[in-house]
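Below is one structure, written out as structure tokens; the observations come after it.
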Protein chains: 2
Amino acid sequence: MADAIKVLLVDDHQVVRRGLRTFLEVQDDIEVVGEAADGAEGVERAEELRPDVILMDVKMPGMDGVDALRRLRELDNPARVLVVTSFTEQRTVVPALRAGAAGYVYKDVDPDALAGAIRSVHAGHILLQPEVAGALLAQEESNSGTGRAGSLTEREREVLGLIADGRSNREIARALVLSEKTVKTHVSNILMKLDLADRTQAALWAVRHGVTG
Amino acid sequence: MADAIKVLLVDDHQVVRRGLRTFLEVQDDIEVVGEAADGAEGVERAEELRPDVILMDVKMPGMDGVDALRRLRELDNPARVLVVTSFTEQRTVVPALRAGAAGYVYKDVDPDALAGAIRSVHAGHILLQPEVAGALLAQEESNSGTGRAGSLTEREREVLGLIADGRSNREIARALVLSEKTVKTHVSNILMKLDLADRTQAALWAVRHGVTG
DNA sequence: GGCCGCCTCGGCCCCGGGACCTAGGCCCAC
DNA sequence: GTGGGCCTAGGTCCCGGGGCCGAGGCGGCC
């Protein structure tokens with residue numbers, strides 16, 4: 001098919017590349033045009049073969065997926081990159097998306113879903129498998145429990161939100177029309193209740209638990 | 001078609017509902033089973049009609065999309081919700097996704113892409129239009145610029161990562177086998193380079209820009 | 001009425017954080 | 001060689017952050 005979606009496979013395991021290839025061979029609108037075993041080779045092949053979509057593992061020896069993504073983005077008319085990962089590596093999702101990934105799916109995805117994902121990505125969409133998106137969105141919620149957040153009073157949550165904005169006690173005092181001392185009292189109570197050491201940890205806790213100013 | 005994807009349209013503008021309906025009528029695997037003009041009515045219709053996918057505006061009088069999303073999630077076997085919005089409302093994207101939205105597309109999406117989006121969402125995927133995802137991911141970048149992140153040295157990034165872990169200077173010193181004074185120097189340089197006021201802001205900057213410890 | 005929790009402050013004390021200045025060793029580029 | 005960037009580190013100074021103790025006003029609950 002003249003309009004087949006050209007796909008490049010990048011993974012350090014030959015077995016995985018083979019598996020992906022057989023998955024995709026039965027799709028007549030998708031053509032695997034090449035393979036690469038690491039990020040650096042992936043970038044080379046991408047320049048050479050100009051695929052429409054690249055299926056890439058994030059975790060590889062040498063240049064890993066995120067680095068490769070950055071390089072790929074620098075090419076003109078860069079391919080869309082669908083990250084294929086073998087396990088729930090939450091921490092890699094956001095960096096990968098930031099680096100320009102167009103999607104994130106698990107290796108155990110079924111063939112049709114994978115083909116669908118490739119088509120979606122090729123069509124210009126951003127695609128996350130529900131487990132990935134779910135994990136991404138749920139990670140903060142479930143960390144140490146928003147339950148403790150409930151133990152904070154309304155005022156304390158308000159103060160915490162401003163801490164999470166990077167504001168100083170004085171700025172918070174001005175914002176809430178309070179004395180600086182009162183703010184410090186609230187901060188102390190927040191730290192005690194959440195068992196944190198200082199405002200920096202409080203700010204981090206807040207962003208992870210979605211406490212907004 | 002017996003297996004057609006049942007879709008419910010929720011938007012406060014009749015014109016929009018009509019437009020969406022005509023878009024979808026030509027798709028023989030998608031069937032519009034109902035419409036609603038606001039969030040509350042949307043929830044009612046959803047209970048009554050049990051659609052597979054709900055196309056919903058986030059910005060509506062009365063109960064808005066986010067509230068409706070929360071309600072919908074409480075139903076058993078809830079429908080997948082594809083948020084359709086008329087403009088780039090970055091701030092609504094994350095709340096909508098947190099509230100359980102399965103996708104986010106613009107109203108000016110072309111018919112085929114919309115149908116594709118519905119199918120993707122129905123298949124269990126999370127789908128963001130590239131402009132949305134781009135805006136989402138770019139928002140922090142464009143704030144004060146990751147360009148400056150590149151200006152940090154390797155060591156500084158390392159220190160920043162530990163700050164973003166909520167560590168004190170002393171802890172960082174121990175971790176990196178440095179004197180506390182050196183750590184303070186690094187911290188000062190980081191704050192200067194990124195134009196931040198204190199370590200709390202630095203920690204927040206780091207998490208937003210994906211600098212990991 | 002009494003008790004309690006929240007919000008509001010004050011004073012006091014101490015330490016950690018950050019600014020500013022200086023400087024030596026190291027490596028790389030010109 | 002000379003300069004420049006990075007990493008290291010010392011000193012000094014000072015303010016902001018946070019702990020600890022106390023206290024008054026207010027609203028709800030028993």
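Quick note on labels: first sequence line is chain A, next is B, and so on, each numbered from 1.
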Is the distance from OP1 or OP2 of [N] to the nearest side-chain N or O of [X] less than 4.0 Å?
X       : N       : value
T182(A) : dC7(C)  : no
N169(A) : dG16(D) : no
S188(A) : dG17(D) : no
S168(A) : dG16(D) : no
H186(A) : dG18(D) : no

Could you work out which one of [options] sits closest to the side chain of [X]?
X       : options                  : answer
K181(B) : dG16(D), dA19(C), dC7(C) : dA19(C)
T153(B) : dC6(D), dG18(D), dT8(C)  : dC6(D)
E180(A) : dG18(C), dG17(D), dT8(D) : dG17(D)
R199(B) : dA9(D), dC9(C), dG17(C)  : dG17(C)
S179(A) : dA9(D), dG17(D), dG10(C) : dG10(C)

5' precedence on DNA chain D between T185(A) and L176(B) (nearest-nucleotide basis):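 Comparing both residues, the 5'-ward one is L176(B).
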Earlier contact from the 5' end, DNA chain D, for D198(B) and R155(B):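 Nearer the 5' end of the strand: R155(B).
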Residue of the set L191(B), I172(B), L204(B) for which side chain to side chain contact (heavy atoms under 4.5 Å, CB included) holds with R199(B):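 Single side chain to side chain contact (heavy atoms under 4.5 Å, CB included) partner of R199(B) among L191(B), I172(B), L204(B): I172(B).
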Passing option when T153(B) is tested against H186(B), E158(B), K193(B) for side chain to side chain contact (heavy atoms under 4.5 Å, CB included):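 Passing option: K193(B).
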Electrostatic pair E171(A):R174(A) at N-O distance under 4.0 angstrom: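 Result for this pair is no, no salt bridge flagged.
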Nucleic acid footprint by protein, nucleotides 23-30 of chain C - heavy-atom cut-off 4.0 Å, B for base, S for sugar-phosphate alone: --------
Closest heavy-atom pair and its distance - A164(B), A206(B):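 Residues A164(B) and A206(B), closest heavy atoms: CB-CB, 3.5 Å.
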